[in-house]
Each structure stands twice: as structure tokens, then as C-alpha cells.
J.: 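Here it is, the structure in full.
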Amino acid sequence: MSPLNTTGSVLNDGDSSWVFTSTVLTLLMTPALAFFYGGLVDKKNVLNTLTLSFICIGIITIQWFLVGYSFVFQEGTRGFGDFNDAALHNWLYAPSPHAPTIPNFAHMAFQCAFAIIAPALMSGAVVGRIKFKTYVCFILLWSTFVYDVIAHWIWSENGWLYHLNLVDYAGGMVVHLSSGVSALVATLFVGPRADVGRKHEKHVALTVLGAGLLWVGWHGFNGGSALAASGRAALALFNTNLAAAGGMLTWLALDSVVLALPAPRISSAALGFVVGLVGITPAAGHEHPGWALVTGVLTCACCWTVTELSRRWQWLDDTLDVFACHGVGGAVGSLLAGLFPQEHYGGVDGSFYGNRQLFAYQLLGVVVVAAYSIAATSLIFLLLRHTIGLRVSPQQESRGLDSAMHLENDKYTHAAVTGLRPGVLPQFSPDIADPASVSLVMSMHHNPPGGPGGSQPHHHPGSGAAAASSSSDGSRSANGYMYGVPSVGQHLRSMHMDSNVPASPVSAVTNLRSSMIHQTEIH
């Protein structure tokens with residue numbers, strides 16, 4: 001233990017170290033979520049899915065520093081916080097008023113990791129069809145006017161739900177219920193996918209990798225919420241693992257018994273233990289491990305039922321079942337947190353131990369959080385729909401947002417590095433080249449100077465064209481790659497435009513445009 005000269009409080013090295021570690025584990029959950037979601041979507045939207053999670057780290061971290069933390073944990077009123085600590089302008093290194101044995105910056109950083117993953121959870125509901133700029137604006141507004149408000153109600157000492165002794169140990173309502181219900185609203189506003197119901201390839205290994213990292217990170221999510229290296233942290237740690245195990249086995253059992261699947265699926269196992277983790281989050285540090293196991297099983301059974309019903313009825317296109325897993329899981333876990341807690345474990349007694357009011361308070365909390373999330377999220381989407389729009393064009397959606405919005409899919413990477421695949425011409429994006437340049441280059445590709453009726457190009461030493469060899473079927477080879485027709489880059493080199501143009505139509509367009517601009521400037 002080391003004294004701090006700015007106050008009479010004492011920081012505990014063990015508590016501080018555990019919160020530091022938990023902060024890193026909780027922050028890891030957002031990249032883990034990106035991998036988890038990325039393995040469940042169509043391959044043409046994998047990079048877009050990853051981006052929607054990763055961008056939350058950048059945007060929400062700055063929002064949390066500027067206004068978020070102050071809005072949540074400053075006194076303000078019973079309903080809303082204030083901005084006295086905006087941008088931490090009057091902060092010094094000192095013990096946190098919310099946990100006096102750890103530094104204030106440690107508490108702020110730990111809570112920031114929660115604020116980051118909450119909006120990232122919603123991305124799975126609308127992936128593959130929402131505009132990127134719309135998503136960025138949405139998560140910023142949602143974090144400020146939905147997450148921060150609900151977190152103040154429940155976690156701030158001045159929040160009105162806090163004074164009802166509501167049990168939300170690590171964010172069952174604040175994180176999972178709010179984001180799950182808001183994801184449902186997002187799905188209704190953005191609309192279903194154009195190809196909803198179509199089977200597509202999944203990267204199951206990517207999902208399992210993300211799920212495994214989520215399982216590890218969740219120990220910091222729940223264990224660190226004790227804000228000390230204490231018995232409650234140890235209890236939360238074990239309850240977290242136990243509920244996840246119960247959820248995993250329950251999901252596999254339901255698949256086998258109800259759906260009569262002939263073999264267990266690893267994707268089902270991953271979904272099961274994630275749902276178990278969601279269910280135990282509200283009361284991980286307040287109940288006996290036996291109840292934690294029951295919580296994992298019951299939460300998983302409810303989420304499995306909603307998931308299967310929504311898939312069969314197809315009444316909405318919640319792409320990755322965010323509402324079914326996080327909305328329903330957060331609600332069920334929060335209601336069970338009104339039954340099983342015991343004062344012996346540092347909280348309050350639940351209805352099973354004589355405090356019948358707690359379940360009523362938990363029900364009130366679930367209804368209020370869900371209703372406010374629906375109303376506020378609807379207003380945000382109405383604003384965005386009438387300003388910048390919500391959805392990408394049908395052409396972009398059909399093509400896939402990896403290439404249409406991010407220009408980073410495997411097809412683009414392969415074409416830019418090695419040239420055309422056999423018999424396949426690239427699709428150009430307006431962000432890469434204008435239609436006139438594309439038309440010129442593609443007409444050259446289809447009607448090469450050395451083709452029928454054309455003159456053979458004159459090869460210059462060092463141009464690279466002479467290095468291309470001819471195969472038995474008349475195709476040419478450049479840099480060891482075979483084409484059905486001569487490459488655009490070779491034609492441009494034969495026209496003396498650039499002796500170092502790579503054998504790639506994408507690069508050819510770029511160099512062609514640069515050359516035309518250069519010639520215009522000269523004349």
C-alpha cells in the first residue's frame with residue numbers, strides 16, 4: 001500500500017493492479033466481438049463488420065473523455081448528470097471517489113471499456129446495409145443520450161434507480177438490455193437485407209476465436225466490476241465461468257433434443273456460452289455459484305427460444321440475433337437478479353431470501369430501460385433518416401460493403417497486387433476512378449493494340465513488356481501470373497505512358513489519370 005499525498009486516502013497496489021488488468025481484458029472484448037460477428041456474416045461484408053466494432057474504440061474513447069464519464073458519474077440530478085468533469089479539466093492524480101483504493105484514472109478507463117462495447121454490440125443487427133457515416137453518427141448520439149443517461153440512473157450515487165437498490169452489478173441493463181433493445185429498433189428502421197434468408201458461407205473459425213476471447217475478457221468485465229482484488233471479485237470470476245459453461249451445454253442440448261441435430265455445432269456452443277455470460281452479468285458478484293449455474297441455464301433457454309422463433313417467423317431481420325441474445329438475455333438475467341442475490345455476498349437479499357420488493361424493482365428497471373432505449377433510439381434514427389439517410393444503395397449492398405465502402409476486400413487486394421484473375425474483370429469504384437477513365441482503360445483491355453486488326457506494340461528495353469512470355473494458348477504471363485488476355489498495364493507500357501506500371505487495371509487507371517493531368521498542366 002502506498003499513501004497519496006493529495007488526500008488522506010490510501011491506494012491499494014493489489015486493487016489497482018487488478019483493475020488495470022480488468023480494464024485491458026474488458027477492452028479486449030471489443031476486438032473479440034468484431035471477430036465473433038465477422039465469422040457469422042457473408043464473406044463480402046466481413047471487413048465492414050470488423051470496422052463497425054473497431055471504430056467504436058476510437059469514437060467512444062474520445063466521447064468518454066470529453067463528456068461521457070462526467071455525464072455518468074457526476075452528481076447532477078437524479079435523472080441526468082452534469083459536465084463539471086468534462087475533458088477531466090480539473091482532475092489530479094487522486095483516489096477515485098467511487099472506489100477509494102484505486103486511482104481515479106483507473107476507474108475512468110475501466111468504465112470507458114464498458115462504454116465502448118455497448119454500441120459495438122448493436123452493429124450485428126444492421127451489418128451489411130447501414131451507411132458507415134450514419135453508423136458513426138448514431139453511435140456517438142446513442143452513447144451520449146442513451147447509454148450515458150441509463151448508466152447515470154443505475155450506477156451513479158445520485159441516480160434514481162440506484163436509490164432503489166437496483167441490482168446491476170456489471171451492466172445487464174446498462175450494457176446488454178439497452179443495446180439489445182436499441183438493436184431491435186435499428187433493425188426496424190434500417191430494414192431487412194435484400195437477400196435475407198439466403199444461405200452464405202461463414203467463417204466459423206473466426207467466430208470461435210472471437211467467442212473464446214470474449215470468454216476470457218468477460219472475466220475482467222465481471223471480475224473487475226468489484227473495483228478491488230476482493231472476495232467479491234473472486235466470486236464474480238467463478239460465477240462468470242460457471243454460467244458460461246451452463247449456457248453452452250444448454251444450447252447444445254436444445255439443438256440436439258428440440259431440433260434433433262445429428263451432431264453438436266461449435267457455433268452453437270459459442271452462442272450458448274456468450275448468452276450464459278450475458279445472463280450472469282447483472283448479479284455475478286452477488287449470488288451463490290449454484291444460482292449462477294441456474295441463471296446461465298435459464299437465460300440460455302429463453303434466448304434460444306427467441307432466436308429460433310425469430311428465424312422461423314422471419315418477422316424481422318436482426319442479422320446476428322443481437323436482440324435475442326443481448327436484449328432478451330439482459331432482461332432475463334436482470335429479472336433473475338431480483339431472486340437469487342444474498343446480502344452475505346455484499347449486496348442485498350433477493351426475493352428468494354425474504355426481500356420480495358427487489359424483484360419488483362428489477363422489473364421496473366427492465367421496463368424503464370427498455371422503454372427509454374426504444375424511444376431515444378427511435379428519435380435518433382428519425383433524425384438521421386431525414387438528414388443523411390440510413391441505408392446504402394441496392395447496388396452497394398449486392399456487391400458487398402467490403403469493396404463498395406472500404407475498398408479492402410480480398411478481390412481488390414488480389415487485383416491490385418497481382419492483376420486480373422483468369423477471365424474476371426474488376427469492378428471499379430467511383431472512389432478509385434471516374435467513368436471516363438474506366439471506359440478508356442477497359443476498351444483498351446478488350447481491344448489491345450496487338451489484337452486482331454491492330455498493330456503489334458513496340459517493346460522498349462526495360463519496359464517490362466519484353467519480360468512477359470507467351471503461353472501455348474496465346475495468353476501472356478507477367479510477374480509469373482497468367483492471363484487470358486494481355487494486361488492493361490502491358491498496353492500502357494507499350495504506349496510509353498509509364499515504363500513501371502504494374503500489371504493491374506486498377507493501378508493502370510490511376511497512372512493513366514495522373515499522366516493525363518500531368519500533360520494538361522504542361523500544355
J.: Evaluate side chain to side chain donor-acceptor pair (under 3.5 Å) for Asp168 paired with Trp155, printing each intermediate quantity in order.
T.: CA-CA 8 Å; Asp168 193 8; Trp155 284 343; 4.5 Å; no
J.: Counting N and O atoms only, with roles assigned by atom type, does the side chain of Tyr37 sit under 3.5 Å from a partner on the main chain of Leu121, one being a donor and the other an acceptor?
T.: yes
J.: Say whether, by atom type as modelled, one donor and one acceptor occur between the side chain of Lys44 and the main chain of Ser398 under 3.5 angstrom.
T.: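 Yes, because the side chain of Lys44 sits within donor-acceptor range (under 3.5 Å) of the backbone of Ser398.
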J.: Ignoring hydrogens and angles, tell me if any N or O in the side chain of His288 forms a donor-acceptor pair with the backbone of Gly290 under 3.5 Å.
T.: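 Between the backbone of Gly290 and the side chain of His288 there is a qualifying donor-acceptor contact (under 3.5 Å).
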J.: Less than 3.5 Å apart, any donor N or O on the side chain of Gln63 or Asp148 sitting next to an acceptor on the other?
T.: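 Present: a donor and an acceptor within the cut-off.
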J.: Within the 4.5 Å heavy-atom criterion, are Val328 and Val332 side-chain neighbours or not?
T.: yes
J.: Would you please classify the geometry between the Trp160 ring and the Trp153 ring as parallel, tilted or perpendicular, with 30° and 60° separating the classes?
T.: perpendicular
J.: Mark yes or no for whether Ser351, through its side chain, and Leu339, through its backbone, hold a donor-acceptor pair below 3.5 Å.
T.: no
J.: Please check if the number of heavy atoms outside Arg311 that lie under 6.0 Å from its CZ is greater than 12.
T.: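 Yes, enclosed.
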J.: Quick check: does any side chain N or O of Asp318 sit under 3.5 Å from a backbone N or O of Phe323, one acting as donor and the other as acceptor?
T.: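 Indeed, once roles are kept as given, a pair shorter than 3.5 Å links the two residues.
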J.: Rounded to the nearest 0.5 Å, what separation is found between the CG atom of Asp13 and the CZ atom of Phe20?
T.: 8.5 Å
J.: Would you say the rings of His152 and Phe80 are close, in the sense that their centroids are separated by under 6.0 Å?
T.: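 Ring centroids of Phe80 and His152 are no less than 6.0 Å from each other.
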J.: Any donor-acceptor pair under 3.5 Å linking the side-chain atoms of Asn241 with those of Trp215?
T.: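 A pair is found: one side chain offers a donor N or O, the other an acceptor, under 3.5 Å apart.
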J.: Donor-acceptor pairs under 3.5 Å, side chain of residues 103-113 to any protein atom, not counting sequence neighbours: which ones?
T.:
unit_1	atom_1	unit_2	atom_2	d
Asn104	ND2	Leu92	O	2.8
His107	ND1	Tyr69	OH	2.8

J.: Checking Phe71 against Asp82 for the side chain to side chain contact (heavy atoms under 4.5 Å, CB included) test, could you report, in this order, the C-alpha distance in whole Å, the side-chain angles of both residues, the deciding distance, and whether it holds?
T.: CA-CA 5 Å; Phe71 199 17; Asp82 58 45; over 6 Å; no
J.: Looking just at side-chain N and O atoms, do Glu75 and Asn158 make a donor-acceptor pair shorter than 3.5 Å?
T.: no
J.: Taking all heavy atoms of Leu316 and all of Leu184, pick out the closest pair and write down the distance.
T.: CD1-CD1, 3.0 Å
J.: Report the C-alpha distance between Arg129 and Asp317 in whole Å, list the side-chain angles of each, state the deciding distance to 0.1 Å, and finish with yes or no for side chain to side chain contact (heavy atoms under 4.5 Å, CB included).
T.: CA-CA 11 Å; Arg129 57 196 188 277; Asp317 183 22; 3.9 Å; yes
J.: Closest heavy-atom contact between Val278 and Cys325?
T.: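 Smallest heavy-atom distance, with atoms named: CG1-O, 3.9 Å.
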J.: Under the side-chain hydrogen bond (donor to acceptor under 3.5 Å, both in side chains) test against Trp218, which residue among Thr240, Thr281, Thr26 passes?
T.: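 Of the listed options, the one satisfying the test is Thr281.
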J.: Look up atom CD1 in Ile59 and atom OH in Tyr135, then write down how far apart they are to the nearest 0.5 Å.
T.: 8.0 Å
J.: Of all heavy-atom pairs between Leu364 and Leu164, which one has the smallest distance, and what is that distance?
T.: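 Smallest heavy-atom distance, with atoms named: CD2-CD1, 3.9 Å.
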J.: For Asn239 and Pro289, which heavy atoms make the closest approach, and how far apart are they?
T.: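 Asn239 and Pro289 have their closest heavy atoms at OD1-CA, 3.1 Å.
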J.: Just checking, is any N or O donor in the side chain of Gln396 or Ser403 under 3.5 Å from an acceptor N or O on the other one?
T.: no
J.: To the nearest 0.5 Å, what is the distance between CD (Glu308) and OG (Ser310)?
T.: 7.5 Å
J.: Taking atom types as modelled and ignoring hydrogens, do the side chains of Arg391 and Thr134 form a donor-acceptor contact shorter than 3.5 angstrom?
T.: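 Looking only at side-chain atoms, Thr134 and Arg391 do not form any donor-acceptor pair under 3.5 Å.
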J.: Side-chain contact test, heavy atoms from C-beta onward, threshold under 4.5 Å: evaluate it for Leu235 versus Tyr345 and give yes or no.
T.: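 Yes; the side chains approach each other to less than 4.5 Å.
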J.: With the side chain counted from C-beta on, respond yes when Lys131 and Leu390 share a heavy-atom pair under 4.5 Å apart, and no when they do not.
T.: no
J.: When the aromatic ring centroids of His286 and Tyr169 are compared, is their separation below 6.0 Å?
T.: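 Yes, close enough.
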J.: Report yes or no: does Glu397 contribute a side-chain atom to a donor-acceptor pair with the main-chain N or O of Ala194 at less than 3.5 Å?
T.: yes
J.: Is it true that a side-chain atom of Thr319 and a backbone atom of Ala125 form a donor plus acceptor pair closer than 3.5 Å?
T.: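 The answer is yes, because a donor-acceptor pair under 3.5 Å joins these two groups.
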J.: Determine, stepwise, if the pair Glu287 / Thr295 fulfils side chain to side chain contact (heavy atoms under 4.5 Å, CB included).
T.: CA-CA 10 Å; Glu287 61 189 35; Thr295 297; 3.2 Å; yes
J.: What pair of heavy atoms forms the shortest contact from Phe35 to Leu50, and how long is it?
T.: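 Scanning both residues, the minimum pair turns out to be N-CD2, 4.0 Å.
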J.: Take a 6.0 Å sphere around CZ of Phe145 and say whether it holds more than 12 heavy atoms from other residues, nucleotides or ligands.
T.: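 Incorrect, the count does not exceed 12.
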J.: Taking the side chain as everything from C-beta on, heavy atoms only, tell me whether Leu214 gets closer than 4.5 Å to Met29.
T.: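 Leu214 reaches Met29 side chain to side chain.
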J.: Within a strict 4.5 Å, meaning less than it, do heavy atoms of the Cys56 and Ile139 side chains meet?
T.: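 Cys56 reaches Ile139 side chain to side chain.
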J.: Ignoring hydrogens and angles, tell me if any N or O in the side chain of Ser143 forms a donor-acceptor pair with the backbone of Leu140 under 3.5 Å.
T.: no
J.: State whether the side chain of Ser373 and the backbone N or O of Ser179 hold a donor-acceptor pair below 3.5 Å, judged by distance alone.
T.: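 Flag not set: sc Ser373 to bb Ser179 has no pair under 3.5 Å.
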J.: Roughly how far, to the nearest 0.5 Å, is CG of Leu227 from OG of Ser22?
T.: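 It is 9.0 Å, given to the nearest 0.5 Å.
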J.: Which pair of non-hydrogen atoms, one from Ala292 and one from Ala243, has the smallest distance, and what is that distance?
T.: O-CB, 3.5 Å
J.: Determine whether Asn12 and Thr101 satisfy the following criterion, side chain to side chain donor-acceptor pair (under 3.5 Å), listing intermediate values before the conclusion.
T.: CA-CA 5 Å; Asn12 184 286; Thr101 61; 5.9 Å; no
J.: How about Glu157: does its CD atom have over 12 heavy atoms from other parts shown lying under 6.0 Å from it?
T.: yes
J.: OG of Ser378 to CG of Leu383: how many Å apart, nearest 0.5 Å?
T.: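 Separation between the atoms: 12.5 Å.
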J.: With side chain to side chain contact (heavy atoms under 4.5 Å, CB included) as the test, would you mind laying out the steps for Tyr147 and Trp64 before giving the verdict?
T.: CA-CA 11 Å; Tyr147 178 86; Trp64 191 250; 4.2 Å; yes
J.: Between the side chains of Thr307 and Asp321, does any donor sit under 3.5 Å from an acceptor?
T.: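 No, Asp321 and Thr307 have no side-chain donor paired with an acceptor closer than 3.5 Å.
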J.: Among Leu320, Thr207, Asn48, exactly one meets side-chain contact (heavy atoms from CB on, under 4.5 Å) together with Val41. Which residue is that?
T.: Leu320
J.: Would a 4.5 Å heavy-atom cut-off, applied to side chains only, mark Asp402 and Val46 as touching?
T.: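 Yes, at least one pair of side-chain atoms sits under 4.5 Å.
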J.: Considering only heavy atoms from C-beta outward, does the side chain of Phe381 approach that of Leu188 to under 4.5 Å?
T.: no
J.: Between CH2 of Trp18 and CD1 of Ile102, what distance do you get to the nearest 0.5 Å?
T.: 12.5 Å
J.: Assign the ring pair Phe132 / His406 to parallel, tilted or perpendicular, where the plane angle (0 to 90°) is split at 30° and 60°.
T.: perpendicular
J.: Where does the angle between the aromatic ring planes of Phe221 and Phe114 fall among parallel (under 30°), tilted (30 to 60°) and perpendicular (over 60°)?
T.: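 Ring orientation, 0 to 90° scale: parallel.
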J.: May I ask you to check whether Trp304 and Thr250 show a side-chain donor-acceptor distance below 3.5 Å?
T.: no
J.: Where the side chain of Asn355 meets the backbone of Asp349, is there a donor-acceptor pair that is under 3.5 Å apart?
T.: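 Flag set: sc Asn355 to bb Asp349 pair under 3.5 Å.
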J.: Does this structure show an ion pair linking Glu201 with Lys43, if we count only N-O contacts that are shorter than 4.0 Å?
T.: yes
J.: Could you list the residues that satisfy side chain to side chain contact (heavy atoms under 4.5 Å, CB included) with Ser17, not counting sequence neighbours?
T.: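 If we apply the side chain to side chain contact (heavy atoms under 4.5 Å, CB included) test to Ser17, skipping adjacent residues, there are no hits.
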